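Computed from a prediction, not measured in an experiment: that's the story for all the values here. Sequence positions, counted from 1, serve as the residue numbers for this chain.
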Amino acid sequence: MHGFTWFNLIPFVNKYATHEYIHVVTAIFVAILCLILAVFMGIKLRRIKDAEIPDAKFNLRNIIELLSEMIFSLATEVMGEHNAKKFFPALASIFLFIFFNNLIGLIPGFVPATDNINTTLACGVFIFIYYNYVGFREHGLGYIKHFFGPIMWLAPLMFPIELISNSVRPLSLGLRLFGNMTGDHLVLSIFSDLIPVGVPVIFLGLGLFVCFFQALIFVILSIIYLTLALSHDH
């Protein structure tokens, strides 16, 4: 199932587009695609006089703005508008990276990077490092108090529990994304081979929903972890 890909036709890339490294090639390709899209949208919006007004026609700009508004609204509801504006670039970037990686698996001849546990764990580790960095930046060494629990005399019991709970978050994020995307693309591949006409359309529609939903779940959990790291309740 990981034989030929379209990357095999690109000079200087085909030698890396092997079974062992195809997820790396795909991840780099999607990252470059996201960067080009961001630059393109930025240049286009600067040239528009009334950039706040959506285009009358349904186009790429409207799709990106719709996704961005959705992520920003979710972040605002959970962490407030001030923090939502601060962390929106990172949240939107990880959403688009995962979403496009998921989507590319629906195109014959491409292998999504999110089908590989190394990619999904890397995304989980990135969020883990990021929200802990934000926590230390916000609270200083006082951030460690988050691991002691609300009652100090329970700290010896709560500290190892909280430490383990936080340590498994990147693994949980990575395995959830990897398992769901691998299962979805495997089902699509099986039914496409068995009944190549008509039936795969149904699973393509289901796959599109799964691609979007899994990227959204990843971002929602990231928002929650960031909010907990910023919390002053402890």
**Student:** Kindly give the heavy-atom pair with the smallest separation between Pro170 and Phe128, and that separation in Å.
**Tutor:**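 For Pro170 versus Phe128, the nearest heavy atoms are CD-CD1, 3.7 Å.
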
**Student:** Please say yes or no: joined through hydrophobic side-chain contacts below 4.5 Å, possibly via intermediate residues, are Leu121 and Val111 part of one cluster?
**Tutor:**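 No; Val111 is not reachable from Leu121 via cluster members.
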
**Student:** Would Phe88 and Phe126 show up in the same hydrophobic cluster when neighbours are defined by side-chain heavy atoms closer than 4.5 Å?
**Tutor:**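 Shared cluster, yes.
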
**Student:** Sort and list the pairs that fulfil side-chain hydrogen bond (donor to acceptor under 3.5 Å, both in side chains) and have at least one residue in residues 122-134, not counting sequence neighbours.
**Tutor:**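 Every side-chain hydrogen bond (donor to acceptor under 3.5 Å, both in side chains) pair that includes a residue of residues 122-134, provided the two are not neighbours, is Tyr131-Asn166, Tyr131-Arg169, Asn132-Tyr143.
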
**Student:** Side chains of Ile94 and Cys123: closer than 4.5 Å at any heavy-atom pair?
**Tutor:**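 Of all side-chain heavy-atom pairs linking Cys123 with Ile94, at least one is under 4.5 Å.
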
**Student:** Rounded to the nearest 0.5 Å, what separates atom NZ in Lys86 from atom CG in Leu226?
**Tutor:**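 Separation between the atoms: 10.5 Å.
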
**Student:** Give every residue pair that meets the side-chain hydrogen bond (donor to acceptor under 3.5 Å, both in side chains) criterion with at least one member in residues 24-42, sequence neighbours excluded.
**Tutor:**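 Every pair satisfying side-chain hydrogen bond (donor to acceptor under 3.5 Å, both in side chains) with a residue in residues 24-42: there are none.
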
**Student:** Test your reading of the model: is there a side-chain donor-acceptor pair from Ser172 to the backbone of Val168, 3.5 Å cut-off?
**Tutor:**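 No; judged by distance alone, with no hydrogens or angles, the pair does not exist.
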
**Student:** Can you tell if the side chain of Leu74 reaches within under 4.5 Å of the side chain of Val219, non-hydrogen atoms only?
**Tutor:**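 Side chain of Leu74 against side chain of Val219, heavy atoms only: no contact under 4.5 Å found.
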
**Student:** With rounding to the nearest 0.5 angstrom, report the CG to CD1 distance, Leu171 to Ile117.
**Tutor:**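 If we round to the nearest 0.5 Å, Leu171:CG and Ile117:CD1 are 7.5 Å apart.
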
**Student:** Find out if a path of hydrophobic residues (ILVMFWY) with successive side-chain heavy-atom gaps under 4.5 Å connects Ile36 to Phe100.
**Tutor:**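 No, it is not one cluster - the side chains of Ile36 and Phe100 are not joined through contacts under 4.5 Å.
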
**Student:** With rounding to the nearest 0.5 Å, note down the distance linking CD1 in Ile98 to SG in Cys34.
**Tutor:**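 Taking CD1 in Ile98 and SG in Cys34, the distance rounds to 10.5 Å.
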
**Student:** Ile129: what forms a side chain to side chain contact (heavy atoms under 4.5 Å, CB included) with it, not counting sequence neighbours?
**Tutor:**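 By the side chain to side chain contact (heavy atoms under 4.5 Å, CB included) rule, Ile129 matches Val125.
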
**Student:** Is it true that the side chains of Thr114 and Asn102 contain a donor and an acceptor less than 3.5 Å apart?
**Tutor:**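 Asn102 and Thr114 do have a side-chain donor-acceptor pair below 3.5 Å.
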
**Student:** Please, which pairs that meet side-chain hydrogen bond (donor to acceptor under 3.5 Å, both in side chains) have at least one residue in residues 73-82, sequence neighbours excluded?
**Tutor:**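 Pairs touching residues 73-82 that pass the test: Glu69-Ser73, Glu81-Lys85.
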
**Student:** Is it the case that one hydrophobic cluster holds both Ile28 and Leu35, taking links as side-chain heavy atoms less than 4.5 Å apart, direct or via other members?
**Tutor:**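 In one cluster with Ile28: Leu35, no.
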
**Student:** Answer yes or no: is there a side-chain heavy-atom contact under 4.5 Å between Ile64 and Phe40?
**Tutor:**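 The answer is no, as the side chains (C-beta and beyond) never meet within the 4.5 Å cut-off.
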
**Student:** When clusters are formed by joining ILVMFWY residues with side-chain heavy atoms under 4.5 Å apart, either directly or through shared neighbours, do Leu228 and Phe218 land in the same one?
**Tutor:**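 Yes; tracing contacts between hydrophobic side chains, which count when under 4.5 Å, links both residues.
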
**Student:** Nearest 0.5 Å, what's the CZ-CD1 distance between Phe29 and Ile22?
**Tutor:**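 The distance works out to 11.0 Å.
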
**Student:** Any chance you could measure Asp115, atom CG, to Ile104, atom CD1, to the nearest 0.5 Å?
**Tutor:**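 Here the rounded value is 11.5 Å.
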
**Student:** Please tabulate, for side-chain N and O atoms in residues 202-216, each donor-acceptor pair with protein atoms closer than 3.5 Å (sequence neighbours left out).
**Tutor:**
residue: Gln214; atom: OE1; partner: Asn180; partner atom: ND2; Å: 3.4

**Student:** Tell me if a side-chain donor or acceptor on His139 pairs with a main-chain N or O of Ile144 at a distance below 3.5 Å.
**Tutor:**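 Side chain of His139 to backbone of Ile144: no pair is present.
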
**Student:** What's the spacing between Leu96 CG and Leu37 CG if we round to 0.5 Å?
**Tutor:**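 If I round to the nearest 0.5 Å, the distance is 7.0 Å.
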
**Student:** Can you list every side-chain hydrogen bond (donor to acceptor under 3.5 Å, both in side chains) pair that touches residues 116-125, not counting sequence neighbours?
**Tutor:**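 Checked against side-chain hydrogen bond (donor to acceptor under 3.5 Å, both in side chains) - neighbours excluded - the pairs reaching residues 116-125 are His23-Asn116, Asn116-Asn118.
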
